[in-house]
Amino acid sequence: MDTALLEQHFNEKIDQDIRIEPKDWMPDHYRKTLIRQISQHAHSEIVGMLPEANWITRAPSLRRKAAALAKVQDEAGHGLYLYSACETLGVDRDDLFADLHSGKAKYSSIFNYPTLTWADMGAIGWLVDGAAIMNQVPLCRASYGPYARAMVRVCKEESFHQRQGYEIMLTLCNGSDEQKKMAQDALNRWWWPSLMMFGPTDKDSKHTEQSMRWRIKRFTNDELRQKFVDVTVPQAELLGLTVPDKDLKWNEERGHYDFGEIDWKEFFNVISGNGPCNKQRIEARKSAWDNGAWVREAANAHAEKKAKRKAA
Amino acid sequence: MNKNWPLWEVFIRSKAGLNHKHVGSLHAADADMAIQNARDVYTRRNEGVSIWVVESTNIAASDPADSDQMYEPAKDKVYRHPTFYNLPDELKHM
């Protein structure tokens with residue numbers, strides 16, 4: 001079959017919502033787009049463990065510590081589901097790691113901000129995981145089968161992350177003045193970076209249109225961002241906290257909140273490697289990889305020895 | 001010596017009485033490690049009571065390009081289904 005016919009057949013499947021599976025024919029550009037998006041997503045899960053790991057040993061109670069550990073362990077799992085999905089497209093796991101370590105591959109800019117207080121654990125669970133869920137739920141219907149299936153698992157597990165975060169915020173807001181102030185400070189610092197998690201505006205997003213055509217994405221960045229603001233503002237009110245945006249206002253006519261302009265200069269600055277923690281995050285990943293080399297080699301040697309003994 | 005750990009496909013039985021079902025894949029140096037890793041990656045919330053792992057290179061699969069000749073012939077054989085046969089309503093237990 002010639003390429004034009006194969007492509008026509010592929011487009012028909014996309015239009016009928018028939019999932020594309022690893023061995024099916026797909027356009028090169030579709031494959032490349034998926035590799036970029038899924039690996040970015042996997043890297044975000046893995047790098048996302050770092051800001052929180054900082055607080056596991058500093059959690060204020062055993063209950064909080066157990067939850068923080070479980071959450072970080074889930075993120076490792078989510079990264080692994082996604083790397084596996086990405087590998088079905090014919091890339092090697094080690095090449096994906098190499099791209100992360102060299103800075104060629106991107107990950108969510110949110111993880112380049114520091115976690116300064118315990119309240120940041122609450123704000124991250126509530127806002128960052130909340131924004132991630134908003135992004136991820138439609139991805140459960142993405143046109144590529146292995147990606148969609150990985151997202152179903154991720155979404156099932158993610159809801160606990162957001163709830164435990166909100167519970168931390170609620171506890172602080174019902175605590176002393178100092179604790180409430182700490183919660184407000186965390187909201188002030190995490191609000192805008194959370195809105196940036198949805199990516200550039202629709203007019204500046206170079207991938208959105210094609211990804212919507214291929215049904216990898218089902219909603220645009222701006223649609224998802226608006227949805228996030230609409231559900232999160234009442235949650236902040238319930239906590240008795242103030243969203244740090246003087247332009248935030250309910251718009252009766254639109255049936256949505258209007259909100260202020262995002263500082264896109266900051267966004268592109270952090271994306272291009274100049275956020276507060278970019279260097280530190282990549283260093284941590286590299287040193288984990290390099291210092292773990294002997295473990296990977298030893299496991300290989302052990303497996304070979306066992307196989308030889310069994311054969312003898 | 002610096003070879004990558006091979007890829008394994010993971011199958012999980014969610015409870016006794018059900019079949020093992022493919023859930024995803026992972027890397028491990030050998031089968032024992034693959035089962036250990038599968039336990040950590042795929043059963044953190046009681047998703048399983050039994051795990052199978054198979055090295056991915058050992059799986060033979062049909063080619064989607066052959067789908068027509070593989071599955072088309074079954075499509076017009078409606079007489080293989082019980083509803084194809086016209087029987088009176090009075091007939092019981094059949």
Side-chain angles (χ1 to χ4, degrees), chain A residues 1 6 9-10 13 18-26 69-71 73-88 91-98 145-147 149-150 152-154 156-157 159-160 292-307 310, chain B residues 1-15 18-49 51-72 75:
Chain A
M1 251 196 274
L6 285 166
H9 186 61
F10 171 85
K13 274 166 70 176
I18 297 173
R19 295 285 181 274
I20 309 300
E21 293 294 341
K23 294 183 81 180
D24 294 341
W25 186 91
M26 61 186 88
L69 254 179
K71 180 174 190 286
Q73 208 181 9
D74 273 352
E75 272 141 20
H78 297 174
L80 293 172
Y81 306 152
L82 288 160
Y83 282 128
S84 294
C86 199
E87 276 179 287
T88 63
V91 282
D92 219 56
R93 176 98 43 121
D94 285 16
D95 293 337
L96 297 175
F97 288 154
Y147 189 30
R149 291 193 287 274
V152 171
R153 299 185 69 89
V154 169
K156 259 190 211 160
E157 300 182 351
S159 144
F160 125 68
W294 71 272
V295 180
R296 296 192 295 277
E297 284 163 25
N300 267 337
H302 179 66
E304 266 169 42
K305 196 173 76 181
K306 261 200 321 190
K310 208 172 160 189
Chain B
M1 187 200 67
N2 192 12
K3 88 179 160 67
N4 300 337
W5 291 350
L7 192 65
W8 300 75
E9 299 301 322
V10 180
F11 301 81
I12 303 235
R13 186 200 295 287
S14 55
K15 63 178 192 182
L18 296 179
N19 49 345
H20 286 77
K21 205 173 146 193
H22 184 247
V23 293
S25 55
L26 49 78
H27 287 272
D30 61 18
D32 290 339
M33 189 197 236
I35 290 175
Q36 274 302 318
N37 288 355
R39 170 210 176 250
D40 289 342
V41 178
Y42 292 106
T43 66
R44 287 194 304 284
R45 287 177 177 79
N46 308 314
E47 289 95 337
V49 295
I51 299 172
W52 286 354
V53 292
V54 184
E55 220 183 305
S56 308
T57 51
N58 289 331
I59 290 186
S62 60
D63 185 346
D66 296 337
S67 286
D68 284 353
Q69 46 173 320
M70 292 275 279
Y71 311 113
E72 194 65 34
K75 278 194 186 147

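Hydrogens, waters and symmetry mates play no part in the numbers below; they use all other heavy atoms, side chains included. Computed from a predicted structure; not experimentally measured. A, B, ... follow the sequence lines: proteins, then strands. Residue 1 opens every chain.
Across every non-hydrogen atom of B:Ser25 and A:Ser84, the tightest pair is O-OG, 2.8 Å. Shown here for A:Ala303 and B:Ala29, the closest heavy-atom pair between the two residues is CB-O, 3.6 Å. Nearest approach of A:Arg153 to B:Tyr42, heavy atoms of both residues: NH2-O, 3.3 Å. Nearest heavy-atom pair, A:Gly77 versus B:Val41, reported as atom, atom and distance to 0.1 Å: O-CG1, 4.5 Å. Between B:Met33 and A:Ala299, the shortest heavy-atom distance links the atoms CE-CB, 3.7 Å.
Atom-to-atom distance recorded for B:His27:NE2 and A:Arg93:CZ is 4.0 Å, nearest 0.5 angstrom. In this structure, CZ on B:Arg45 lies 4.0 Å from CG on A:Asp74, to the nearest 0.5 angstrom.
More than 12 heavy-atom neighbours from other residues, nucleotides or ligands sit within 6.0 angstrom of NE2 on B:His22. Remark: A:Lys23 NZ is packed, more than 12 non-hydrogen atoms of other residues, nucleotides or ligands lying under 6.0 Å away. Within 6.0 Å of the CH2 atom in B:Trp52, the count of heavy atoms belonging to other residues, nucleotides or ligands does not exceed 12. Counting non-hydrogen atoms of other residues, nucleotides and ligands closer than 6.0 Å to CG of B:Asn46 gives a total of 12 or fewer.
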### Message
If you apply the rule salt bridge (Lys or Arg N to Asp or Glu O under 4.0 Å), what do you find for B:Asp30 with A:Lys305, and how did you get there?
### Response
CA-CA 11 Å; B:Asp30 61 18; A:Lys305 196 173 76 181; over 6 Å; no

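Of the two parts of A:Lys156, neither the backbone nor the side chain holds a non-hydrogen atom closer than 4.5 Å to a non-hydrogen atom of chain B. When heavy atoms are compared at a cutoff of 4.5 Å, B:Ala61 approaches chain A by way of both its backbone and its side chain. There is no contact between B:Asp40 and chain A, counting heavy-atom distances below 4.5 Å. The part of A:Asp94 that comes within reach of chain B is its side chain, from C-beta onward, which places non-hydrogen atoms under 4.5 angstrom from that chain.
B:Leu7 places a side-chain heavy atom less than 4.5 Å from the side chain of A:Glu87.
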